[in-house]
Student: 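Following this message is one structure expressed as structure tokens.
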Amino acid sequence: MSDVSGALPSSTAPRAGAISARAWVRPAHRRKLQLVLASIWLLDGMLQLQAFFFTRAFGNQMIPMTASGNPSLIASPITWSGTLIAHHAVLADSFFAVFQVAIGLGIAWRPTTRGALATSIVWSLGVWWVGEGLGGVVSGAANPVNGAPGAVMIYALLAVLLWPSDRGGRSPSFTAARAVGERVAKALWFVLWASLAYFAVLGENRSSQGLSSLIGAETTGEPGWVASLDRQAASLVDHRGLAVMVALAVLLAIVAVGTFLPSRVANATLVVAIVLGIAIWIVGENFGALFTNGATDVNSGPLLVLLSISYWRRVADHAPEAV
Amino acid sequence: MSGPTWLADFFASVMILVAAYSAGRLLAAWRWSRPTHRDTDITHIVMGTAMAGMLVSAVNPIPTLVWEFVFVVVALWFLWRCYGFTARHGLNGRDEDHVHHLSHYVTHVVMALAMLYMYLAASPTTGSSAGGEMGMTGASGATADFVGLPLLFLFVLLASAVWELDGAGQWSPSWTEPRKAMPVVQLAGSASPVGSADRPVGTLAPDDAEEAISGDPSRRWLAPGLKAACHVAMCVTMCYMLIVML
């Protein structure tokens, strides 16, 4: 995609006085994952430019919803932020959009990758609180089917795992371990997926109608075919909520412990993780609600897939990468 | 257009700037006898003008129907270029400048198709008048349920933007991480690089190329970084338009 035509002579034939230019270097595996993360940040920034977010309704309606069910210590700052955003809707939303676009472009631009990743961690933690009400973790409303424990937490986790540095010692067997080491990377993976398994059978989520109601309620604002998909899925799990969520919890638990298993088995559990991520994104998250003109991000599905790819064991090739 | 007017004005201004730069780039390349990818520059001029016209109908010089025809031609041209590239270099090859890949041409096909989609899906506010005014609103009718295609366009454009930026970042003087000898793309005709322990024959230290480039104004005007910036701006603007229309 890149172009050096301006720096090169018009013919490929050698000519006197011509100069040389650097060749394009194919990004290493971790760099590719960073670029996917950058694309997602860029998309988030662009989504923030939708008309709805420039209105007071964003601060007055959408933000306070995340405070619901949380203790006042957590809910109060959310409500206060919502009011502030509503009073300065255009300014606040412009800032949010520009900031996220800058993070995306910053990760993609090599000289600023580290700064952008560090900024993304701080931003994610802020949004996790104010924008997602800590993902329903404290309120007991967390459900892996609709994005628990909050997509932005996975952004932060990816920023840490894809940090462009290498810990000393022998070459790790998967990309996510390069920056933090295999032990820490595996622990982080386990905590994330085990918590998802726990949330799956938490409170209302294990009721016979819980899952069906959750999926059925997501049809609002969706195009016909997505709404139809939701209705069919809701009908399929109707009165089977407990069985489905227990099965989901078992699969999530297998994925969680899979990282400690031998490479081939671990990769098999990663395939399960990827399939779950895609299924959750389509059925539970309605493609991140991208078609409703009210989505602020792609939700957790694609991020779980990206995370899983970063844990993929390279059985044959352990050669260190450049970036 | 279903978005703040000032935002549409901003993106339209950026697109006019991109179109103007691309026109200037063509002129500069002709004036200084430098190479440039003419089809890409012409496409940037056309797309920049068209997008500015979609965002702010007052600056749309051509009726919608003409634009649709133009983008069919652009899409077919780059499809032909894809075919030619694959025939000469294969799916994983690079072209003569050792930089462009098949993805360069595929991206331009997608951009042309995305433009076509937007023209077909957007609801005309005053019909196809002389000014070709059209309002950028959400897709209506049958296209309202046909959202998978713009989503696909969106993902390709975002990927292209970050890929381009990543490539451009490799030439940035401020990027110092892999300050080691880089492979030579094109060797000087009269003076072959001399090898050393750190820099074997056939490679140049990164600073050598930058120093050589910095002395020539044509190179500054035609710098790959500027073209990459235009491409990124174009992708981001098109993404915004597609999101507004989702």
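Lettering of chains follows the sequences in order, A, B, ..., and the numbering in each one begins at 1.
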Student: Less than 6.0 Å separating the ring centroids of A/W41 and A/F96?
Tutor: no

Student: Is it the side chain or the backbone of B/V236 that comes within 4.5 Å of chain A heavy atoms, both, or neither?
Tutor: both

Student: Select one option (side chain, backbone, both, neither) describing which atoms of B/L7 are under 4.5 Å from chain A's heavy atoms.
Tutor: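 Just the side chain, heavy atoms under 4.5 Å.
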
Student: Does a side-chain heavy-atom distance below 4.5 Å link A/D44 with A/Y155?
Tutor: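 Yes, at least one pair of side-chain atoms sits under 4.5 Å.
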
Student: Non-hydrogen atoms of chain A under 4.5 Å away: do they reach the side chain of B/L154, the backbone, both or neither?
Tutor: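 The side chain, not the backbone.
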
Student: Chain A heavy atoms under 4.5 Å from B/L151: which part of the residue, side chain, backbone, both or neither?
Tutor: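 Contact with chain A involves the side chain of B/L151 alone.
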
Student: Applying side chain to side chain donor-acceptor pair (under 3.5 Å), can you list everything that pairs with A/N293, at least two apart in sequence or on another chain?
Tutor: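 In terms of side chain to side chain donor-acceptor pair (under 3.5 Å), with neighbours along the sequence ignored, A/N293 is linked to no residue.
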
Student: Would you say A/W312 and A/H29 make side-chain contact, with heavy atoms under 4.5 Å?
Tutor: no

Student: Let me know if A/S94 has heavy atoms under 4.5 Å from chain B in its side chain, its backbone, both or neither.
Tutor: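 Side chain only.
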
Student: Can you tell which part of A/I40 gets under 4.5 Å to a heavy atom of chain B, answering side chain, backbone, both or neither?
Tutor: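 For A/I40, there is no contact with chain B at all, as no heavy atom is under 4.5 Å.
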
Student: Of the backbone (N, CA, C, O) and the side chain (C-beta and beyond), which part of B/F11 lies under 4.5 Å from a heavy atom of chain A, both, or neither?
Tutor: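 Only the side chain of B/F11 comes within 4.5 Å of chain A.
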
Student: State whether A/R30 and A/D166 are salt-bridged, where the test is any N-O pair (Lys NZ or Arg NE/NH1/NH2 against Asp/Glu carboxylate O) under 4.0 Å.
Tutor: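 Result for this pair is yes, salt bridge flagged.
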
Student: With a 4.5 angstrom heavy-atom cut-off, which part of A/L47 approaches chain B: side chain, backbone, both or neither?
Tutor: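 For A/L47, backbone and side chain are both near chain B.
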
Student: So, A/Q48 and A/D93: side-chain donor and acceptor under 3.5 Å apart, yes or no?
Tutor: yes

